[in-house]
Amino acid sequence: MDVDLPARPDLPLESAAYFAVAEALTNVIRHSRAHHGSVFSRHAAGLLTMVVTDDGRGGADPTAGTGLRGIERRLAAFDGTLVLSSPPGGPTIITMELPCAL
């Protein structure tokens with residue numbers, strides 16, 4: 001885990017960020033067969049960026065379940081985005097961004 005933020009976000013946004021990362025990590029544990037995972041978070045240019053990666057089997061598909069769709073909905077409530085890279089064989093990289101003034 002590598003988190004470097006100059007301050008805490010407002011509570012609703014902090015909660016959305018926390019639960020988005022928690023759900024992404026849950027997906028790593030349940031589905032990826034990964035040996036390693038990581039969380040990276042930074043704030044720059046008015047965006048809170050969170051990246052969850054794993055060295056698992058890849059092939060994550062947002063249409064195959066509710067986890068990634070749930071993260072997208074949670075972030076969208078704050079005009080945030082989720083970008084997924086998960087080719088077969090891995091790695092999986094989930095990049096989540098939330099507009100945020102700190």
Side-chain angles (χ1 to χ4, degrees):
M1 179 168 262
D2 182 0
V3 177
D4 185 13
L5 302 176
R8 290 179 70 166
D10 290 336
L11 189 56
L13 192 117
E14 182 180 64
S15 178
Y18 171 83
F19 285 109
V21 170
E23 179 65 31
L25 289 172
T26 297
N27 286 344
V28 170
I29 293 165
R30 286 186 182 165
H31 306 295
S32 74
R33 298 184 188 154
H35 295 284
H36 298 95
S38 66
V39 176
F40 170 89
S41 185
R42 292 288 185 275
H43 181 268
L47 287 175
L48 174 61
T49 302
M50 302 152 294
V51 181
V52 176
T53 63
D54 71 61
D55 64 352
R57 63 186 176 140
D61 180 1
T63 65
T66 59
L68 291 170
R69 289 278 189 219
I71 295 170
E72 287 178 324
R73 283 191 303 275
R74 183 180 304 279
L75 297 174
F78 295 90
D79 295 326
T81 60
L82 179 146
V83 175
L84 172 68
S85 173
S86 187
T92 295
I93 304 168
I94 301 172
T95 303
M96 301 167 280
E97 292 184 329
L98 287 165
C100 175
L102 293 183

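When all heavy atoms of A16 and F78 are compared, the pair lying nearest together is CB-CE1, 3.4 Å. What you find for A7 and L102 is that their closest heavy atoms are O-CD1, 3.5 Å. L48 and A17 get closest at one heavy-atom pair: CD2-CB, 3.9 Å. Nearest heavy-atom pair, G80 versus L98, reported as atom, atom and distance to 0.1 Å: CA-CD2, 3.9 Å.
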Considering only distance and modelled atom types, tabulate donor-acceptor pairs under 3.5 Å from the side chains of residues 81-92, sequence neighbours left out.
from, atom 1, to, atom 2, distance (Å)
S86, OG, G59, N, 3.0
S86, OG, A60, N, 2.8
S86, OG, T92, OG1, 2.6

Validation: residues 67-76 side-chain donor-acceptor distances under 3.5 Å, sequence neighbours left out:
from, atom 1, to, atom 2, distance (Å)
R69, NH1, E72, OE1, 3.1

Show which side-chain atoms of residues 39-46 pair as donor or acceptor with protein atoms under 3.5 Å away, not counting sequence neighbours.
from, atom 1, to, atom 2, distance (Å)
S41, OG, T49, O, 3.3
R42, NH1, D2, O, 3.4
R42, NH1, D2, OD1, 3.2
R42, NH2, D2, OD1, 3.0
R42, NH2, D2, OD2, 3.1
H43, NE2, C100, O, 2.6

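With sequence neighbours excluded, the residues forming a side chain to side chain donor-acceptor pair (under 3.5 Å) with D61 are T63, listed by chain and number.
Under a 4.5 Å side-chain heavy-atom cut-off, the cluster of Ile, Leu, Val, Met, Phe, Trp and Tyr residues that includes F19 is completed by Y18. Side-chain heavy-atom separations under 4.5 angstrom define the hydrophobic clusters, and L47 shares its cluster with no other residue.
Transitive grouping of hydrophobic side chains (ILVMFWY, heavy atoms separated by less than 4.5 Å) brings L25 and V3 into a common cluster. No path of Ile, Leu, Val, Met, Phe, Trp and Tyr side chains, each step under 4.5 Å between heavy atoms, connects M1 with V51, placing them in separate hydrophobic clusters.
Within the structure, side-chain hydrogen bond (donor to acceptor under 3.5 Å, both in side chains) contacts touching residues 20-38 (residues at least two apart or in different chains) are H36-D55, S38-T53. Sequence neighbours left out, the pairs with a member in residues 3-12 that pass side-chain hydrogen bond (donor to acceptor under 3.5 Å, both in side chains) are R8-E14.
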